[in-house]
Enquirer: 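I have a structure I would like to understand better, so I am pasting it below and will then ask my questions one at a time.
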Amino acid sequence: DVQLQAFGGGLVQPGGSLRLSCAASGLSFDDYAIAWFRQAPGKEREGVSCISFGDDTTHYADSVKGRFTISRDKFKDTVYLQMNALKPEDTAVYYCAAAPILIGTKFWLLPEYWTSWGQGTLVTVSS
């Protein structure tokens with residue numbers, strides 16, 4: 001079974017930075033993909049970014065392009081989300097999710113595409 005553990009959330013001031021980590025285990029295929037989603041109170045879960053372990057393809061939601069960077073440590077099966085220039089609207093619980101393969105350029109935005117989920121980590125952007 002795939003297990004994911006997300007950590008690194010916290011309180012940060014607007015304009016600040018934070019790095020989230022997602023440690024994965026049980027990935028049995030080389031083409032696995034991992035994504036970050038977030039869910040703010042009263043809102044639907046939305047895709048933030050994803051990365052393919054097969055070819056390092058990355059995708060970003062328009063709302064975070066140029067501010068967030070996803071990367072991975074292939075030796076540790078860990079995916080990072082570097083978040084810069086944070087805004088109050090980035091406040092949410094952030095989740096990491098995994099799927100056996102990354103297909104297309106839009107499917108990753110659908111929560112139902114991802115087959116395994118970790119627990120969330122809370123990011124609060126406030127002064």
Side-chain angles (χ1 to χ4, degrees):
D1 289 349
V2 175
Q3 294 189 341
L4 305 168
Q5 185 175 8
F7 52 95
L11 173 63
V12 61
Q13 293 186 343
S17 298
L18 207 59
R19 189 177 81 159
L20 304 182
S21 300
C22 176
S25 62
L27 302 180
S28 55
F29 302 105
D30 292 337
D31 290 336
Y32 254 94
I34 287 185
W36 286 98
F37 278 74
R38 66 185 181 186
Q39 188 165 20
K43 295 189 177 181
E44 294 185 350
R45 191 169 296 191
E46 64 170 348
V48 175
S49 183
C50 68
I51 186 167
S52 168
F53 280 31
D55 59 6
D56 287 324
T57 296
T58 60
H59 297 298
Y60 295 92
D62 289 342
S63 58
V64 305
K65 279 181 182 177
R67 300 189 298 123
F68 290 11
T69 303
I70 192 169
S71 62
R72 71 179 181 102
D73 182 332
K74 62 181 179 180
F75 299 108
K76 297 181 180 179
D77 279 346
T78 299
V79 172
Y80 305 99
L81 185 68
Q82 178 66 42
M83 305 185 294
N84 299 328
L86 283 161
K87 306 174 182 179
E89 50 264 44
D90 294 318
T91 295
V93 177
Y94 284 70
Y95 301 88
C96 57
I101 192 169
L102 184 63
I103 297 175
T105 61
K106 296 294 184 182
F107 290 116
W108 73 274
L109 291 167
L110 302 173
E112 51 266 39
Y113 179 84
W114 302 89
T115 55
S116 301
W117 290 83
Q119 90 294 355
T121 184
L122 177 63
V123 173
T124 303
V125 184
S126 175
S127 55

Enquirer: Roughly how far, to the nearest 0.5 Å, is OG1 of T91 from CG of L86?
Expert: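 These two atoms lie 8.5 Å from each other.
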Enquirer: With side chains defined as the heavy atoms from C-beta onward, is the minimum distance between R72 and D56 less than 4.5 Å?
Expert: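 A side-chain contact under 4.5 Å exists here.
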Enquirer: Report yes if some heavy atom in the side chain of T69 is under 4.5 Å from a heavy atom in the side chain of Y60; otherwise report no.
Expert: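 Yes, their side chains come closer than 4.5 Å.
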Enquirer: So do the side chains of I70 and F68 get within less than 4.5 Å of each other, counting heavy atoms only?
Expert: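 They are not in contact (no side-chain heavy atoms under 4.5 Å apart), so the answer is no.
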Enquirer: Decide yes or no for Q39 and Y94: does some side-chain heavy atom of the first lie under 4.5 Å from some side-chain heavy atom of the second?
Expert: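 Q39 does not reach Y94 side chain to side chain.
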Enquirer: To check you understand the geometry: which heavy-atom pair defines the closest contact between A35 and F37, and what is its length?
Expert: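 Residues A35 and F37, closest heavy atoms: CB-CE1, 3.9 Å.
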Enquirer: Going by side chain to side chain contact (heavy atoms under 4.5 Å, CB included), name the residues that satisfy it together with K43, two or more places apart in sequence or in a different chain.
Expert: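 If we apply the side chain to side chain contact (heavy atoms under 4.5 Å, CB included) test to K43, skipping adjacent residues, the hits are A40.
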Enquirer: Using 4.0 Å as the upper bound for N to carboxylate O, is an ion pair formed by D90 and K87?
Expert: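 Answer for the salt bridge query: no.
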Enquirer: Side chains of residues 2-22: which donor-acceptor pairs under 3.5 Å do they make with residues two or more places apart or in other chains?
Expert:
residue: S17; atom: OG; partner: N84; partner atom: OD1; Å: 2.9

Enquirer: Could you give the side-chain donor-acceptor pairs of residues 47-55 under 3.5 Å, partners two or more places apart or in another chain?
Expert:
residue: S49; atom: OG; partner: H59; partner atom: O; Å: 2.8
residue: S52; atom: OG; partner: G54; partner atom: N; Å: 3.1
residue: S52; atom: OG; partner: D55; partner atom: OD1; Å: 3.4
residue: D55; atom: OD1; partner: T57; partner atom: N; Å: 3.0
residue: D55; atom: OD1; partner: T57; partner atom: OG1; Å: 2.7
residue: D55; atom: OD2; partner: T57; partner atom: OG1; Å: 3.1

Enquirer: Checking D77 now: which residues fulfil side-chain hydrogen bond (donor to acceptor under 3.5 Å, both in side chains) with it, not counting sequence neighbours?
Expert: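 Testing D77 for side-chain hydrogen bond (donor to acceptor under 3.5 Å, both in side chains), a comparison that skips the adjacent residues, returns none.
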Enquirer: Could you tell me which residues satisfy side-chain hydrogen bond (donor to acceptor under 3.5 Å, both in side chains) with K76, sequence neighbours excluded, listed by chain and number?
Expert: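 Here no residue qualifies.
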Enquirer: Going from CD on E46 to CD on E44, what distance comes out if it is rounded to the nearest 0.5 angstrom?
Expert: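 Output value for this atom pair is 9.5 Å.
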Enquirer: For residues A98 and W114, report the shortest heavy-atom separation together with the two atoms involved.
Expert: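 Minimum heavy-atom separation between A98 and W114: C-CE3, 3.4 Å.
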Enquirer: If you count heavy atoms of other groups shown closer than 6.0 angstrom to CD of E89, is the number above 12?
Expert: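 More than 12 within 6.0 Å, yes.
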Enquirer: Does the structure place the NZ or CZ of R38 under 6.0 Å from the centre of the six-membered ring of Y95, at an angle of no more than 45° from the ring's axis?
Expert: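 No.
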Enquirer: Just do the side chain to side chain contact (heavy atoms under 4.5 Å, CB included) check on Y32 and L102 with the steps written out, would you?
Expert: CA-CA 7 Å; Y32 254 94; L102 184 63; over 6 Å; no
Enquirer: Got a second to check how far D1's CG is from S116's OG, nearest 0.5 Å?
Expert: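 Answer for the CG-OG pair, D1 versus S116, is 7.5 Å.
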Enquirer: Checking the side chain of S126 only, and the main-chain atoms of P88 only, is there a donor and an acceptor separated by less than 3.5 Å?
Expert: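 No; zero donor-acceptor contacts below 3.5 Å.
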Enquirer: Measure the shortest side-chain to side-chain distance between V79 and W36 over non-hydrogen atoms and say whether it is less than 4.5 angstrom.
Expert: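 When only atoms from C-beta onward are counted, W36 and V79 do touch, with a gap below 4.5 Å.
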Enquirer: With a 3.5 Å cut-off and sequence neighbours excluded, list the donor-acceptor pairs that the side chains of residues 104-113 form with protein atoms.
Expert:
residue: W108; atom: NE1; partner: T105; partner atom: O; Å: 3.2
residue: Y113; atom: OH; partner: I101; partner atom: O; Å: 2.4
residue: Y113; atom: OH; partner: I103; partner atom: N; Å: 3.0

